[in-house]
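Inspection log for the structure reproduced underneath, given as structure tokens.
Treat the numbers as computed from the prediction; the structure is a model and nothing was measured. Order of the sequence lines sets the chain letters (A, B, ...), proteins ahead of strands, with each chain counted from 1.
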Number of protein chains: 2
Amino acid sequence: MLPSSTVENYLKAIYLGSSAAQTQPQRLLPMGQLASALGVAPGTATTMVKTLAESGLVKYEPYAGVALTAAGQKLAAMVVRRHRVIELFLVRVMGYGWDEVHDEAEQLEHVVSNRLIDRMDEMLGRPEVDPHGDPIPDARGVVKPQQAQSLLTCPLNTRVTITRVIDQDKSFLRFIESHHLKPGESIEVEERDAASDSVRVRGKDDQRVTIGTRAASKLLVQ
Amino acid sequence: MLPSSTVENYLKAIYLGSSAAQTQPQRLLPMGQLASALGVAPGTATTMVKTLAESGLVKYEPYAGVALTAAGQKLAAMVVRRHRVIELFLVRVMGYGWDEVHDEAEQLEHVVSNRLIDRMDEMLGRPEVDPHGDPIPDARGVVKPQQAQSLLTCPLNTRVTITRVIDQDKSFLRFIESHHLKPGESIEVEERDAASDSVRVRGKDDQRVTIGTRAASKLLVQ
DNA sequence: GCGGTAATTTTGATTAGTCAAAATGTGGAA
DNA sequence: TTCCACATTTTGACTAATCAAAATTACCGC
């Protein structure tokens with residue numbers, strides 16, 4: 001039986017929620033986090049997760065949290081793959097701005113056939129990342145591990161390239177774009193200041209930008 | 001409140017069902033026909049149509065049938081527009097065969113945004129018909145009336161051009177394609193024979209094909 | 001004008017997904 | 001160790017969409 005959009009959304013949220021601040025491997029995602037990621041009441045998430053557990057898609061530990069099984073992992077990876085291929089397709093082929101693709105992809109990811117995704121993927125040259133630099137799982141669900149350095153951890157006064165922006169908020173994305181901090185841009189972190197909770201960056205044409213620590217943590221570099 | 005996929009499907013079925021063998025204008029579609037077009041039980045259609053009537057999308061006459069109101073007409077036309085734009089996009093841009101597009105479009109039509117449809121429409125040059133020759137309603141929901149002559153009514157031994165194929169069945173479409181009877185092809189009807197219930201056609205390279213009356217009625221020409 | 005057949009509507013029940021609010025469990029602070 | 005705050009689960013109820021089967025209506029032929 002093919003999974004409903006709802007089931008796909010739960011699996012995706014667990015997938016993304018578990019890999020987010022992945023300190024330990026195999027960590028359990030607390031139900032509260034899952035519920036708020038999905039915008040549903042806590043009890044709703046509990047109920048749904050229990051039925052997912054019965055289908056063998058997740059492992060559920062009452063009062064502890066939830067994690068994907070191998071089967072759930074595979075399914076979730078396919079949803080994420082579809083989402084990210086679609087995002088890149090919308091930007092490259094359909095002329096969307098990178099801040100406009102998320103909602104559209106959110107809808108399309110549940111109805112697009114494997115065939116169409118593969119056509120897009122082929123047309124795009126089997127890309128490894130989407131417009132935000134998020135890695136695209138391959139057709140088997142495998143993601144290439146990318147080393148994670150953020151603006152908070154990379155060496156100072158050293159040229160680095162922005163590889164990924166971890167946030168889908170439209171206004172944040174527009175800010176990033178207007179200051180030439182999109183993936184692919186070359187920059188240098190000049191200074192980090194704990195007192196002012198900010199990071200100063202030298203970017204394109206030696207322009208300076210100062211951004212908050214929280215925002216800086218969302219920019220990954222290499 | 002935006003209509004669910006289910007509501008969209010009901011409206012579309014009424015739209016297509018009413019225009020099908022449109023003898024009288026404003027004719028009521030019988031509930032049985034609607035139910036079987038949607039593949040639901042008759043009682044289900046009755047229930048749903050009553051709620052559509054309460055929303056002002058259809059006019060419902062118990063025991064007689066159902067017709068779209070102006071509002072329902074508009075909504076239905078938009079669904080059909082999305083469907084047909086998507087079909088053409090899949091063929092022209094994504095390299096689909098014309099017999100492969102229906103199911104994919106059936107899913108996509110309910111989730112694609114107006115913006116994406118307009119991008120596709122623009123990319124395709126504001127087309128007036130889809131790959132089967134079905135007319136595409138414009139952004140206001142208006143369809144250009146096309147004069148309807150079928151292989152059963154057009155003059156004999158006169159060059160005509162196939163403009164439309166009214167059937168979504170895969171094997172029928174493949175048959176049509178393999179005998180060079182797709183929209184755009186130039187042909188001539190040589191003979192109609194009531195006894196054998198068939199029509200003989202001279203097509204590309206003077207090749208002859210004989211097809212049944214029922215099939216012939218689905219090929220429209222100009 | 002009277003039946004009977006076929007279409008239609010009603011009825012009662014089911015499934016998926018959801019919420020609000022009450023009940024319960026967990027883990028940290030004192 | 002005891003208790004409290006907070007996270008989590010349970011409960012009861014609701015909505016949309018569906019079906020099967022019983023009840024009803026329409027209309028055609030005689």
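For residues 33-49 of chain A, no residue pair satisfies the side chain to side chain donor-acceptor pair (under 3.5 Å) rule, not counting sequence neighbours. For residues 29-88 of chain A, the pairs satisfying ring-ring contact (aromatic ring centres under 6.0 Å, His included) are His83(A)-His102(A), with sequence neighbours left out. Screening residues 130-155 of chain A for ring-ring contact (aromatic ring centres under 6.0 Å, His included), with sequence neighbours left out, gives Trp98(A)-His132(A).
Within residues 102-112 of chain B, no residue has any heavy atom under 4.0 Å from DNA chain D. Across residues 32-45 of chain B, Gly39(B), Val40(B), Ala41(B), Thr44(B) each have a non-hydrogen atom less than 4.0 Å from an atom of DNA chain D (numbered order).
Ion pairing of Glu8(A) with Arg82(A) is present here, as a side-chain N (NZ or NE/NH1/NH2) and a carboxylate O approach within less than 4.0 Å. For the pair Arg81(A) and Glu109(A), the salt-bridge criterion is not met [side-chain N within less than 4.0 Å of a carboxylate O].
Annotation: side-chain contact (heavy atoms from CB on, under 4.5 Å) contacts of Asp138(B) (sequence neighbours excluded): Arg140(B), Val142(B). Partners of Met123(B) under the side-chain contact (heavy atoms from CB on, under 4.5 Å) rule, at least two apart in sequence or in another chain, are Met94(A), Phe89(B), Val93(B). Applying the side-chain contact (heavy atoms from CB on, under 4.5 Å) test to Arg92(A) and every residue at least two apart in sequence or in another chain returns Leu88(A), Leu124(A).
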Enumerate, atom names and distances included, each donor-acceptor pair closer than 3.5 Å involving a side-chain atom of residues 67-78 of chain B, sequence neighbours excluded.
from, atom 1, to, atom 2, distance (Å)
Thr69(B), OG1, Gly56(B), O, 2.8
Thr69(B), OG1, Leu57(B), O, 3.0
Thr69(B), OG1, Ala71(B), N, 3.4
Thr69(B), OG1, Gly72(B), N, 3.2

Contacts under 3.5 angstrom, residues 214-222 of chain A side chains, donor-acceptor by atom type, not counting sequence neighbours:
from, atom 1, to, atom 2, distance (Å)
Ser217(A), OG, Arg214(A), O, 2.7
Lys218(A), NZ, Asp167(A), OD2, 2.9
Gln222(A), NE2, Gln147(A), OE1, 3.0

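Counting 5' to 3', DNA chain D first comes under 4.0 angstrom of a heavy atom of chain B and last does so at the ends given by dA17(D) to dA26(D).
Within 4.0 Å (heavy atoms only), Thr51(B) reaches no atom of the nucleic acid at all.
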Which atom pairs link the protein and nucleotides 23-26 of chain C when you take only N or O atoms and keep those under 3.5 Å?
from, atom 1, to, atom 2, distance (Å)
dG25(C), O4', Tyr63(A), OH, 3.3

